[in-house]
Amino acid sequence: MDQIEKRVVLKAPVDRVWRAISDAKQFGVWFGVELDGPFVAGKPVTGCIRPTQVDASVAKGQQQYDGVRLEWHVEAIEPMRRFAFRWHPFGVDKHVDYSHEPMTLVEFMLAEATGGTQLTIRESGFDKIPLERRAKAFAANDGGWTKQVELIEKYLARESAR
Amino acid sequence: MRADRLVAAAPVFAALGDPTRLGIVARLCTHGPQSIAQLTEGAAVTRQAVTKHLVALEDAGLVRGSRDGRERIWELQGKRLADARGYLAQISSQWDAAIERLRAFVETDD
């Protein structure tokens, strides 16, 4: 269990999915971040968490994550096939300096599939993160991200209904 | 901890990357809190080696040593282990949610 792997088939052509994951602006829209620049292989990219404000009742709880800075390191951009970067997995506690901690590797892999695109997302390298940190992060994160995810889903549902 | 739960937790132990440490953890799972003498009994490693591994496990937050008279008694930190597993489960569900957002994004028009 030192890596997480997800495999789904999306009903969209490979080039559409490729743009959604390799174009930093598009990535930001569905993921819920605002990135300062494009993804360039071998270069870092900075940005911040910028959750959508769609529900005043939970805005207060989400406020603590809004604007939290992040830095990812783009490892590989292999057009239509693979996009990979390193990050601090869902590190959103602004009071914690993650910069000296090990990063995990996130890989998006695409393949043509019947009716669309097979997407595999693999996050690996959790064995490098101290168990102590993992346990603390779990206790600290409980709730916050769940709320944020709900907000983004609401926003996207509203956007696609237009 | 029951045997099936121990098997389920094995990959986390494997993350520690050492069969001796896994053996110590398994032993603490099965027998509950133990002294170094008890942990070394029947083991193919020295007392010093066991102590070294216990310190590594303690650093990882997996075990805790407490003094009982002249001896230190070591016990498993089950909560810490469960939390660490919970962390991966949490990240896993965050990816599930992210994938659904990506799906909504790419399966509608540009």
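Computation of the quantities below employed the complete heavy-atom set of this structure, encompassing side-chain atoms and omitting hydrogens, waters and symmetry-equivalent molecules. Letters A, B, ... mirror the listed sequences (proteins, then strands); counts begin at 1.
- Contact detail for A:E123 and B:I91: the closest heavy-atom pair is OE1-CG2, 3.5 Å.
- Proximity to chain B (any heavy atom under 4.5 Å) is shown, for A:L10, by both the backbone and the side chain.
- When all heavy atoms of A:I4 and B:L88 are compared, the pair lying nearest together is CD1-O, 3.6 Å.
- No continuous path of hydrophobic side-chain contacts links A:M109 to B:I99 [ILVMFWY only; heavy atoms under 4.5 Å].
- At least one donor-acceptor pair closer than 3.5 Å links the side chain of B:R103 to the backbone N or O of A:V9.
- The environment of B:R72 atom CZ is dense: over 12 non-hydrogen atoms of other residues, nucleotides or ligands sit within 6.0 angstrom.
- Taking 4.5 Å as the limit, every side-chain heavy atom of A:W30 sits out of range of all side-chain heavy atoms of B:E100.
- A perpendicular orientation is assigned to the rings of B:W95 and A:F108, their planes being inclined by more than 60° (bins at 30° and 60°).
- In this structure, the side chains of A:K6 and B:S92 come closer than 4.5 Å at one or more pairs of heavy atoms.
- The environment of B:R64 atom CZ is sparse: at most 12 non-hydrogen atoms of other residues, nucleotides or ligands sit within 6.0 angstrom.
- The minimum heavy-atom distance linking A:Q26 with B:F105 is given by the pair OE1-CE2, 3.4 Å.
- When heavy atoms are compared at a cutoff of 4.5 Å, A:V17 approaches chain B by way of both its backbone and its side chain.
- For the side chain to side chain donor-acceptor pair (under 3.5 Å) test, no residue two or more places apart in sequence or in another chain qualifies with B:E71.
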Verdict with reasoning, A:L119 to B:L102, per side-chain contact (heavy atoms from CB on, under 4.5 Å)
CA-CA 10 Å; A:L119 166 70; B:L102 174 62; 3.5 Å; yes
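- When all heavy atoms of A:K11 and B:E107 are compared, the pair lying nearest together is N-OE2, 2.6 Å.
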